[in-house]
Amino acid sequence: MKAFTYERAASPAQAAEAAARKPGARFIAGGTNLLDLMKLEIETPQHLIDVNGLALDSIEATPEGGLRIGALVRNTDLAADRRVRRDYALLSRALLAGASGQLRNKATTAGNLLQRTRCPYFYDTNQPCNKRVPGSGCAAIGGFSRQLAVVGTSDACIASHPSDMAVAMRVLDATVETVRADGTERSIPLADFHKLPDNTPHRETALETGELITAVTLPKPLGGTHLYRKVRDRASYAFALVSVGAVIQRNGSGRVAIGGVAPKPWRMQAAEAELKNGAKAVTDRLFADAKPTSQNAFKVQLAERTLAAVLLEAKE
């Protein structure tokens with residue numbers, strides 16, 4: 001691990017300003033992803049800004065009937081909150097499907113959204129990776145790609161996004177609240193928060209330099225049946241090959257997002273319009289532009305079968 005300087009922020013605005021002022025600065029809270037990357041020297045921040053002391057760890061009702069989840073709310077606490085379990089059960093299920101109990105005790109809401117890909121070539125500093133070193137190439141293209149994305153990819157990157165929580169948040173139409181380095185605030189729909197790789201796969205989110213996530217807001221509850229199903233190589237402590245997050249209403253309509261298949265949670269309203277026609281009709285729309293490799297083409301059929309199981313469970 002390379003040497004770095006360290007400070008504790010006194011306010012969100014101060015943290016954002018410090019991050020913009022010091023080149024190579026990163027925020028640290030739970031550190032469950034960042035510290036691993038620092039140990040491998042994949043990430044080498046020159047300065048760490050500790051945000052754990054900021055008052056961003058509460059879950060509050062909004063005037064619109066939704067919930068405002070502080071950026072520092074731990075995954076365990078969010079999954080266990082009675083309002084989340086009652087009104088946003090999809091979110092609770094997705095959180096409990098991720099990582100391990102120990103990691104969920106440390107991981108934060110903002111950190112979960114910002115975790116980086118688990119592509120093996122991103123983690124291997126001997127291999128070219130456009131996320132790690134822009135312009136160096138993508139070893140995953142033509143390499144081992146079983147775990148990687150099949151849709152939303154580009155000629156520069158085929159990495160998939162690892163978050164379970166983000167899939168649920170995408171179904172629920174969450175909004176990310178931030179503060180910029182100049183102290184101004186803004187709200188970013190989660191649909192626009194994660195970027196597709198195109199020619200700049202190192203730019204993974206819509207955040208500006210120094211911009212700090214302060215909260216994630218959920219609109220009022222959707223009702224319906226909330227389900228999250230995760231298919232992985234082992235029963236626990238593994239990332240999804242395919243995951244399906246869904247909210248299904250009694251009339252058969254609903255919302256669906258797929259994880260493990262794209263650089264961001266994959267959701268399309270045109271596909272959701274096909275829910276009454278069954279899982280294949282939905283996934284035909286979702287994967288119409290898919291470009292799988294020979295090693296991960298199975299994900300398309302696996303997504304269809306997983307969604308079919310979710311729809312059957314909702315019906316029952």
### Message
Donor-acceptor check, side chain of Ser145 to backbone of Leu148, threshold 3.5 angstrom: yes or no?
### Response
no

### Task
Return yes if a side-chain donor-acceptor contact under 3.5 Å exists between Ser154 and Asp198, otherwise no.
no

### Under 3.5 Å donor-acceptor, Thr117 side chain and Ser160 backbone
yes

### Query
For the side-chain contact (heavy atoms from CB on, under 4.5 Å) test, which of Val216, Thr214, Leu218, Thr175 pairs with Arg68?
Thr214

### Query
Can you tell me how far CD of Glu274 sits from CG of Asp284, rounded to the nearest 0.5 angstrom?
8.5 Å

### Message
Hydrophobic clusters here meaning ILVMFWY residues chained together by side-chain heavy-atom distances under 4.5 Å, can you tell me if Val256 and Leu190 are in one?
### Response
no

### Message
If you count heavy atoms of other groups shown closer than 6.0 angstrom to CD of Glu41, is the number above 12?
### Response
yes

## Note on the structure
For residues 134-161, the salt bridge (charged side-chain N to carboxylate O under 4.0 Å, His left out) pairs (sequence neighbours left out) are Arg146-Asp233

### Query
Which pairs with one or both residues in residues 206-215 pass salt bridge (charged side-chain N to carboxylate O under 4.0 Å, His left out), sequence neighbours excluded?
Arg180-Glu208, Arg186-Glu211

### Message
Main chain of Arg116, side chain of Asn33: is a donor-acceptor contact present, judged purely on distance under 3.5 Å?
### Response
yes

#### Entry: Heavy-atom check, side chain of Val51 versus side chain of Leu56, under 4.5 Å
no

#### Entry: Flag if over 12 foreign heavy atoms under 6.0 Å of CZ, Arg21
yes

### Query
Measuring from Asn130:CG to Asn199:CG, what's the distance to the nearest 0.5 Å?
9.0 Å

### Query
Just how far is it from atom CZ of Arg305 to atom OG1 of Thr283, taken to the nearest 0.5 Å?
11.5 Å

### Query
side-chain contact (heavy atoms from CB on, under 4.5 Å) between Phe27 and Leu114: does it pass, once the steps are laid out?
CA-CA 11 Å; Phe27 302 117; Leu114 293 171; over 6 Å; no

### Query
Between Ile258 and Leu241, is there a shared hydrophobic cluster once you connect ILVMFWY residues whose side-chain heavy atoms come closer than 4.5 Å?
yes

### Query
Is the backbone N or O of Pro201 less than 3.5 Å from a side-chain atom of Lys131, with the two atoms forming a donor-acceptor pair by type?
yes

### Message
Same cluster or not: Leu302 versus Leu227, using hydrophobic residues (I, L, V, M, F, W, Y) connected whenever any side-chain heavy atoms lie under 4.5 Å apart?
### Response
yes

### Task
Output yes when a side-chain donor or acceptor of Ser136 lies under 3.5 Å from a complementary backbone atom of Val133, and no otherwise.
yes

### Task
Work out which heavy atom in Gln295 is nearest to a heavy atom in Gly143; give both atom names and the distance.
NE2-O, 3.5 Å

### Message
What verdict does the side-chain contact (heavy atoms from CB on, under 4.5 Å) test give for Glu185 and Glu177, after you've listed the backbone C-alpha separation in whole Å, the side-chain angles of each residue and the deciding distance to 0.1 Å?
### Response
CA-CA 7 Å; Glu185 300 176 350; Glu177 297 181 7; over 6 Å; no

### Task
Verify the neighbour count for atom CZ of Arg118: are there more than 12 heavy atoms of other residues, nucleotides or ligands below 6.0 Å?
yes

### Query
Do the side chains of Leu113 and Thr205 get nearer than 4.5 Å, heavy atoms only?
no

### Task
For the residue pair Leu91 and Met169, establish whether any side-chain heavy-atom pair is separated by less than 4.5 Å.
yes

### Task
Give a yes or no on whether a salt bridge exists between Arg170 and Asp173, defined as a side-chain N under 4.0 angstrom from a carboxylate O.
yes

### Query
Between Phe239 and Gln115, which heavy-atom pair has the shortest distance, and what is it?
CE2-OE1, 4.2 Å

### CG/Asn105: more than 12 non-hydrogen atoms of other groups inside 6.0 Å
yes

### Task
Inspect the surroundings of CZ in Arg85 and state if more than 12 heavy atoms from other residues, nucleotides or ligands are less than 6.0 Å away.
no

#### Entry: side-chain contact (heavy atoms from CB on, under 4.5 Å) between Glu272 and Arg267, worked out
CA-CA 8 Å; Glu272 292 170 347; Arg267 180 186 170 199; 2.6 Å; yes

### Pairwise distance CD1(Ile158) to OG1(Thr293) - rounded to 0.5 angstrom
6.0 Å

### Task
Return yes if some donor-acceptor pair links the side-chain N/O of Lys2 with the main-chain N/O of Thr44 below 3.5 Å, else return no.
no

### Message
How close do Ala71 and Ile213 get, counting heavy atoms only, and between which atoms?
### Response
CB-O, 3.3 Å

### Task
Drop me the distance from Arg232's CZ to Gln147's CD, to the nearest 0.5 angstrom.
12.0 Å

### Summary
Closest non-hydrogen contact found for Ala159 with Cys119 is CB-CB, 4.1 Å

### Distance, nearest 0.5 Å, that separates CD1 of Ile248 from CG of Leu311
5.5 Å

### Query
Is the number of heavy atoms from other residues, nucleotides or ligands within 6.0 Å of CZ (Phe298) greater than 12?
yes

### Message
Measuring only between side-chain heavy atoms, which start at C-beta, is Val151 closer than 4.5 Å to Val300?
### Response
no

### Query
Can Val176 be reached from Leu212 by stepping across I, L, V, M, F, W or Y side chains whose heavy atoms are under 4.5 Å apart?
no

### Task
Give a yes or no answer on whether the side chain of Arg132 reaches the backbone of Tyr121 with a donor-acceptor pair at less than 3.5 Å.
yes

### Task
Please confirm whether the backbone N or O of Lys106 pairs with a side-chain atom of Arg74, one donor and one acceptor, at under 3.5 Å?
yes

### Exam field: side chain His161 to backbone Lys264, donor-acceptor pair closer than 3.5 Å
no

### Val84 reachable from Val247 in the ILVMFWY side-chain graph, under 4.5 Å edges
yes

### Task
Check which hydrophobic residues are tied to Met38 through side-chain heavy-atom contacts below 4.5 Å, counting indirect links as well, and list them.
Met1, Phe4, Tyr6, Ile28, Leu34, Leu35, Leu48

### Task
Any chance you could lay out the side-chain contact (heavy atoms from CB on, under 4.5 Å) test for Leu96 and Arg104, step after step, and finish with the verdict?
CA-CA 8 Å; Leu96 293 174; Arg104 291 193 295 270; 4.1 Å; yes

### Query
Taking side chain as C-beta onward, heavy atoms only, is Pro265 less than 4.5 Å from His194?
yes

### Heavy-atom side-chain proximity of Met165 to Thr109 below 4.5 angstrom
yes

### Task
Measure across Val171 and Ala257 and return the closest heavy-atom pair with its distance rounded to 0.1 Å.
CG2-CB, 3.4 Å

### Message
Given 3.5 Å as the limit, does a donor-acceptor pair link the side chain of Ser92 with the main chain of Ala79, or not?
### Response
yes

### Task
May I ask you to test the Thr125-Leu40 pair for a side-chain heavy-atom distance under 4.5 Å?
no

### Query
Does Leu172 reach the side chain of Leu222, with side-chain heavy atoms less than 4.5 Å apart?
yes

### Task
Quick one: closest heavy-atom pair of Ala9 and Ala15, and the distance?
CB-CB, 3.5 Å

### Task
Flag yes if more than 12 heavy atoms outside Lys22 fall under 6.0 Å of its NZ atom; otherwise flag no.
yes

